[in-house]
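One structure below.
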Amino acid sequence: MERPVRRTRLVNASDFELASGPVESRLVTGLTKLGIALKHGERRTAVARGLSATQAQILVALSRRDGARCTPSELADELGVGAPTVSEALRPLFERGLIRRTAAADGRVRILRLTPNGRREAERVAGWPDFLLHALDALDAGEREALLRSVVKMIAALQQQGRIPVARMCPTCRYFRPNVHDDPERPHHCAFVDAPFGDRAIRLDCADHEPAA
Ligand code: SF4
C-alpha cells in the first residue's frame, strides 16, 4: 500500500516523483478506494431491500446465469464463500419466494432458479454499481478499452494465483481463440458463436463460458 506523502518542501521534480512513491503502490491505493466504494454501494442497496450483501450477490449471480444450471456449491465457488454461508443466505430467499429449488435430471443435486419475484428483485439490486458507470464517463473510448484489457489481465493473474474464484471470462474459456485473425479490430475468435471479436468485446461473465483445460 502507498504510504502517505510527508509535507516537506521539495527541491525539484525528481524529488517530487521520488516522494510520490512507486506507481504500483499508488495503483493499489486507487484500487482499494474503488473496492471500498463498491462494498459500501453494495451493502447500502442490499440493506435497503432487506437483504444481506451475500443474498444480493446470490440473486444477481443467478440472474446472470439466465436460467443455466446452478447448484448451491457452484454458487459458493462463484461468490468465493463457503457452502455453509450460501446455505444460510439461501434460507430467507426461499422463504420470501425469491428462489426455488428443483431436482436435477439425475436427482442427485438441487438446482437453484429465480422465481419471477426473484428476477424482479435481482434487477433492482443489480443496478447499484451505476455510480461506477457514471465515473467511467470521465474516460474516452480508448481509455475504457485499455482499462478493460488491464482489468481482464489482473483478474486472470489473480485466478492463476488461486486468490479469486474463476470468472467466466473469455481468456479462461475453452472457446476462446486469441489473435487468430489479421484484423487488428477483431483479432480473436469465439468458437462457441463462431464469430471474430476485439478486446472491447471481451466478456467477463459469459453464460456460455466453459473452463479451458
Ligand atoms: S463462449 Fe463466451 S466466454 Fe467463451 S469465448 Fe465465447 S464469448 Fe468468450
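This is a predicted model, so every value here is computed, not measured. Sequential numbering from 1 along the given sequence is applied to the chain's residues.
By the rule that hydrophobic residues join a cluster once side-chain heavy atoms approach within less than 4.5 Å of another member, Val193 and Leu204 end up as members of separate clusters. Linking Ile, Leu, Val, Met, Phe, Trp and Tyr whenever their side-chain heavy atoms come within less than 4.5 Å puts Leu148 and Leu136 in one cluster. Under the 4.5 Å side-chain heavy-atom criterion for ILVMFWY residues, no single connected hydrophobic cluster contains both Met154 and Ile36. A continuous path of ILVMFWY side-chain contacts below 4.5 Å connects Met169 to Leu147, so both sit in one hydrophobic cluster. Connection of Tyr175 to Ile155 is not established within any shared hydrophobic cluster, with ILVMFWY side chains joined at heavy-atom distances below 4.5 Å, either directly or through further cluster members.
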- Hey, mind stepping through Leu132 and His134 against side chain to side chain contact (heavy atoms under 4.5 Å, CB included) and telling me if it holds? CA-CA 5 Å; Leu132 267 191; His134 297 312; over 6 Å; no

- Item | Verdict with supporting geometry, Ile99 and Leu90, side chain to side chain contact (heavy atoms under 4.5 Å, CB included) | CA-CA 8 Å; Ile99 292 182; Leu90 281 172; 3.8 Å; yes

- Report the C-alpha distance between Cys70 and Leu62 in whole Å, list the side-chain angles of each, state the deciding distance to 0.1 Å, and finish with yes or no for side chain to side chain contact (heavy atoms under 4.5 Å, CB included). CA-CA 7 Å; Cys70 184; Leu62 288 177; 3.8 Å; yes

- Task: With side chain to side chain contact (heavy atoms under 4.5 Å, CB included) as the test, would you mind laying out the steps for Arg203 and His209 before giving the verdict?
- Result: CA-CA 9 Å; Arg203 296 185 185 176; His209 176 277; over 6 Å; no

- Task: Output, in order, the C-alpha distance, side-chain angles, deciding distance and verdict of ring pair (Phe, Tyr, Trp, His ring centres under 6.0 Å) for His181 and His189.
- Result: CA-CA 8 Å; His181 299 294; His189 196 86; 4.9 Å; yes

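Here the side chains of Ser150 and Lys153 are not in contact, with every heavy-atom distance at 4.5 Å or above. Pro187 has its side chain out of reach of Val180: every pair of non-hydrogen atoms, C-beta onward, lies at least 4.5 Å apart. Here the side chains of Glu24 and Leu27 are not in contact, with every heavy-atom distance at 4.5 Å or above. Residues Arg113 and Arg101 are not in side-chain contact: their nearest non-hydrogen atoms beyond the backbone lie 4.5 Å or more apart. Side chains of Arg124 and Thr45 form no contact here, defined as non-hydrogen atoms less than 4.5 Å apart. Between Asp199 and Val152 the shortest side-chain heavy-atom distance does not fall below 4.5 Å. Inter-residue side-chain proximity for Glu78 and Arg65 is flagged as met; some heavy-atom pair is nearer than 4.5 Å.
The backbone N or O of Gly21 lies less than 3.5 Å from a partner atom in the side chain of Arg26, making a donor-acceptor pair. A donor-acceptor pair is defined here as one N or O able to donate and one able to accept, closer than 3.5 Å; such a pair exists between the side chain of Glu74 and the backbone of Thr71. A donor-acceptor pair under 3.5 Å is absent between the side-chain atoms of Thr172 and the main chain of Pro211, judged by distance alone. Although no hydrogens or angles enter the test, the distance criterion places a donor-acceptor pair under 3.5 Å between the side chain of Thr115 and the main chain of Leu98. No side-chain donor-acceptor contact under 3.5 Å links Glu88 to the backbone of Thr85.
The residues Glu123 and Arg120 are annotated as not salt-bridged, no charged nitrogen and carboxylate oxygen being separated by less than 4.0 angstrom.
Of the inter-residue distances, the one linking Asp194 atom CG with Cys190 atom SG reads 8.5 Å to the nearest 0.5 angstrom. Atom CD of Glu185 and atom CZ of Phe197 lie 14.0 Å apart (nearest 0.5 Å). To the nearest 0.5 Å, atoms CG (Leu114) and CD1 (Ile58) are separated by 10.5 Å. Distance CG/Leu38 to NZ/Lys33: 14.0 Å, rounded to 0.5 Å.
The neighbour count for Asn179 CG, taken as heavy atoms of other residues, nucleotides or ligands under 6.0 Å away, is above 12. By the 6.0 Å contact criterion, CZ on Arg186 is open, its count of non-hydrogen atoms from other residues, nucleotides or ligands being 12 or less.
For the pair Arg100 and Phe94, the cation-pi test (distance below 6.0 Å, angle within 45°) is failed.
The two residues Ala207 and Arg64 make their nearest non-hydrogen contact at CB-O, 4.2 Å. Nearest heavy atom pair, residue Gly118 against residue Leu59, reads O-CD2, 4.5 Å. Taking all atoms of both residues into account, the shortest heavy-atom contact from Gln55 to Pro92 is NE2-CG, 3.3 Å. Across every non-hydrogen atom of Pro171 and Ile202, the tightest pair is CD-CG2, 4.2 Å. Closest heavy-atom contact between Pro72 and Val86: O-CG1, 3.9 Å. Of all heavy-atom pairs spanning Ile111 and Ala103, the tightest one is CG1-C, 4.5 Å.
Of the N and O atoms on the side chains of Gln57 and Glu42, at least one donor lies less than 3.5 Å from an acceptor on the other residue.
Residues forming a side chain to side chain donor-acceptor pair (under 3.5 Å) with Arg174 (at least two apart in sequence, or on another chain): Glu210.
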